[in-house]
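Contents: one structure, followed by commentary.
Per chain, numbering begins at 1; letters A, B, ... match sequence-line order.
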Amino acid sequence: MTTLGAQLDDVGQLIEYCFEQGWTDGLPVVPPTRAAVDRMLAGTSRGPQEVIALVPPKWGQATVERIAANAVMAGCQPAHMPVIIAALDALMDDRFNLHGVQCTTHVATPLVVVNGPLAQELGFQGGHNCFGQGFRANAAVGRAVRLILSNIGGALPGVLDKATFGHPGKFSYCVAENEAASPWEPYHVSRGFAPTESTVTVFAAEAPHNINNHGSNDPYSLLYTVANTMNTLGSNNIYLGADCFLVFGPEHAEILARDGWRRSHIQSFLYEHARRPIRELKVGGMYGDDLKRNLWPRWINRDDENAMVPVVREKEDIQIFVAGGAGRHSLFIPGWGTRAITRKITL
Amino acid sequence: MIIRPDMLVSPVDESTAALKRLAPRLDTLNGKAIGFLDNRKGNGNVILEHLAYRLSERFQLSEVVFREKFIFSRPASAEVLDEIQSRCDAVIAAIGD
């Protein structure tokens, strides 16, 4: 065997070793050699032993060095480290409830959304196929976050991660907003950050559900389709409230914006129209007909079977950003019953 | 190639791998105060109430303490946990689902 052949065989053995240790997501990982981890550590000014997070359910310490090891395994580049660190910091926010998300029977897993100048500089994709394969930053950063949650948090499938199904986002679930194609201010600006800042938003999310509307050319009929995709009986939002996400494709966003609709108008319309009556909701959901346990606003009369329950408790809980390429599609991404958290990326 | 662990930087916190020790088991339920902690999902309370009834038939429990979490997806409050710890000799938790 040639020297190169022997070296590649050694790499293969290291890859197998990582499988044997239970460090992977089922796919091969890049072996986290000392040299590779040191190169990854050069992507951040934080010290290797600094603890960024205590990751539930096992409360493992996510030191910068362990984060770098998982980032190497995921296929990241050193410049991705600040994004991963910011995402971890956001996941530690109590309103995200990572402990619950790590162990739940529900499909939810963190969705990572990148905004600001760094999104483009680091190659995050927000256009065509942005939720799919093909883009290293999206794939590797999303994967690094998931590997950290499994390896350092200890939430392994069937052991402490009790997800009935999981969903493919548990391999990687990371996108950028398509800020160039958005007719509105960037999502992170709507959350109070400066346009010159770059941010990461994390959200415990189902897989995206497509909203196919090729026929509408006005906001009302378009959003009618959106509302009737959002008000599903099977998602958590209509029983537990908190945030949910709408991702408008650029063509749908244009239909809304050219008539002067802003985020607040869209939220108002959907808050009014994305509803279901109690007589339907009590068939299933979290508590069936034990209605007092649902986390509905107190102004919902639980004794009125015709009362219309909104999919969120407050209209501002409908989070909106623009992504994707050409095509008359948008996405509804239901949540688990917790909040989207946004953090600034610091280099 | 013989692989040694020090060839790679571990991506896990090895200290979490150690098994936690179980608390000592009670030798009897007679004369004991038993807590019943409902996670507040559907039917958790049903299971626990029935269990408390059946245990009370078989044992002389000194006290039965029912408590519930505010919401199933979060830990029980410190107040609930403190009360159970101070009043009860053992606790049974139900994950109604």
Selection from [options] maximising heavy-atom pairs under 4.5 Å formed with chain B:
options: A/Gly337, A/Gly100, A/Gly60; value: A/Gly60
options: A/Thr63, A/Asn70, A/Asn97, A/Thr338; value: A/Asn97
options: A/Ala71, A/Ala68, A/Pro32, A/Ala35; value: A/Pro32

For the residue pair A/Thr105 and B/Lys41, establish whether any side-chain heavy-atom pair is separated by less than 4.5 Å. yes
Measure the shortest side-chain to side-chain distance between A/Trp23 and B/Val12 over non-hydrogen atoms and say whether it is less than 4.5 angstrom. yes
Looking only at heavy atoms, what is the nearest atom pair of [X] and [Y], with distance?
X: B/Val9; Y: A/Ala69; value: O-CB, 3.8 Å
X: A/Pro31; Y: B/Leu8; value: CB-CD2, 3.9 Å
X: A/Gln13; Y: B/Met1; value: OE1-O, 3.0 Å

Does atom [atom1] ([X]) have a neighbourhood of more than 12 heavy atoms from anything else shown, all under 6.0 Å?
X: A/Phe19; atom1: CZ; result: yes
X: B/Glu63; atom1: CD; result: yes
X: B/Gln85; atom1: CD; result: no

With a 4.5 angstrom heavy-atom cut-off, which part of [X] approaches chain B: side chain, backbone, both or neither?
X: A/Cys18; result: side chain
X: A/Asp10; result: both
X: A/Trp336; result: side chain
X: A/Thr104; result: neither

Using a strict 4.0 Å threshold on nitrogen-to-oxygen distance, state whether A/Lys58 and B/Asp13 make a salt bridge. no
Rounded distance [0.5 Å steps], [atom1] in [X] versus [atom2] in [Y]:
X: A/Gln21; Y: B/Ser10; atom1: CD; atom2: OG; result: 8.0 Å
X: B/Arg4; Y: A/Tyr17; atom1: CZ; atom2: OH; result: 11.0 Å
X: B/Ile71; Y: A/Leu240; atom1: CD1; atom2: CG; result: 6.0 Å
X: A/Asp290; Y: B/Asn45; atom1: CG; atom2: CG; result: 7.5 Å

Less than 4.5 Å to any heavy atom of chain A: does that hold for the side chain of B/Ser73, its backbone, both, or neither? both
State which residue, out of A/Arg66, A/Glu65, A/Met73, fulfils the side-chain contact (heavy atoms from CB on, under 4.5 Å) condition with B/Pro11.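 Of the listed residues A/Arg66, A/Glu65, A/Met73, the side-chain contact (heavy atoms from CB on, under 4.5 Å) partner of B/Pro11 is A/Met73.
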Residues from residues 142-160 of chain A approaching chain B under 4.5 Å (heavy atoms): A/Asn151, A/Ile152
For chain A, which candidate among B/Met7, B/Arg40, B/Arg74 shows the most heavy-atom pairs at distances under 4.5 Å? B/Arg74
